[in-house]
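What follows is a set of notes on a single structure, which appears directly below.
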Amino acid sequence: TQLLEQSPQFLSIQEGENLTVYCNSSSVFSSLQWYRQEPGEGPVLLVTVVTGGEVKKLKRLTFQFGDARKDSSLHITAAQPGDTGLYLCAGATSGTYKYIFGTGTRLKVLA
Amino acid sequence: NAGVTQTPKFRVLKTGQSMTLLCAQDMNHEYMYWYRQDPGMGLRLIHYSVGEGTTAKGEVPDGYNVSRLKKQNFLLGLESAAPSQTSVYFCASSYGPAGAGEQYFGPGTRLTVT
């Protein structure tokens, strides 16, 4: 069974601080996605990474796919209250039709 | 263009009752998914469909059935609800298979079984 473990599970920080969220697995994925979910809504895609070692930036968010394609990280620079939400990683394996979601990291950024 | 819609938004059932959750998408997507979300467990795949008339089991299919009679609709049924099925249910759709494109999610259905 493929599993994606995220850490930390909860994170509460002050506005302006930096943070990193990790997504780890013992399985290799062909691609990995990061989603953000706000209360009462469904997850919304932030980014997809497909190449080992790939780094993508989305404004203050930096996403990296591990060289072995088993892990990923999300780094937020100078966090803002608008970054508050549940962050989910999801891995996909080539040849299957389904995603495996991580356990989630709940982030709260205090003004 | 409504994207992915789910009905109902909230529902309370007694143990043993049945119900059907409806998911509809207007993006002409081939792939559709049903997930449940429980605290500390992320999203777990219940069933999915790779096209009209097809369905397949996900990670946690027991106690659920699905049908995809029309491309735009994906129904999730609970024949005899149990308290363990209390959860938030999300439907999603995508144009391509896993990893080949974005999943679009509905707003969710919050189900409580007493």
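Labels below follow one simple rule: chain letters A, B, ... track the order of the sequence lines, proteins then strands, and each chain is numbered from 1.
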* A/Gln33 and B/Glu102: side chain donor to acceptor below 3.5 Å -> no
* Among the options B/Tyr31, B/Tyr35, B/Tyr104, pick out the one with the most heavy-atom pairs lying under 4.5 Å from chain A. => B/Tyr35
* **A/Tyr99 side chain reached by B/Gln103 side chain, heavy atoms, under 4.5 Å** => yes
* Structure fact -> Interface check, chain B: of A/Ser31, A/Cys89, A/Ala90, most non-hydrogen pairs under 4.5 Å belong to A/Ser31
* Heavy-atom pair count under 4.5 Å with chain B, highest-scoring of A/Gly42, A/Gly91, A/Gly40 -> A/Gly42
Please classify the contact between [X] and chain B as side chain, backbone, both or neither, with a heavy-atom cut-off of under 4.5 Å.
X       : answer
A/Tyr35 : side chain
A/Gln9  : side chain
A/Leu86 : side chain
A/Leu45 : both

Exercise: identify the closest heavy-atom pair between [X] and [Y]:
X       : Y       : result
A/Leu88 : B/Gly42 : CD2-CA, 4.2 Å
A/Lys98 : B/Tyr33 : CA-CE2, 4.3 Å
A/Gln37 : B/Phe90 : NE2-CZ, 3.2 Å

* Within one Ile-Leu-Val-Met-Phe-Trp-Tyr cluster: A/Leu61 and A/Leu107, side-chain cutoff 4.5 Å -> yes
* So if you build clusters from Ile, Leu, Val, Met, Phe, Trp, Tyr with side-chain heavy-atom gaps below 4.5 Å, do B/Leu22 and B/Val4 land together? -> no
* B/Leu45 versus chain A, the contacting section by heavy-atom distance below 4.5 Å -> side chain
* **Residue part contacting chain A, namely of B/Gln6, when any heavy atom lies under 4.5 Å** => neither
* Give a yes or no on this: more than 12 heavy atoms of other residues, nucleotides or ligands lie within 6.0 Å of atom CD of B/Gln17. => yes
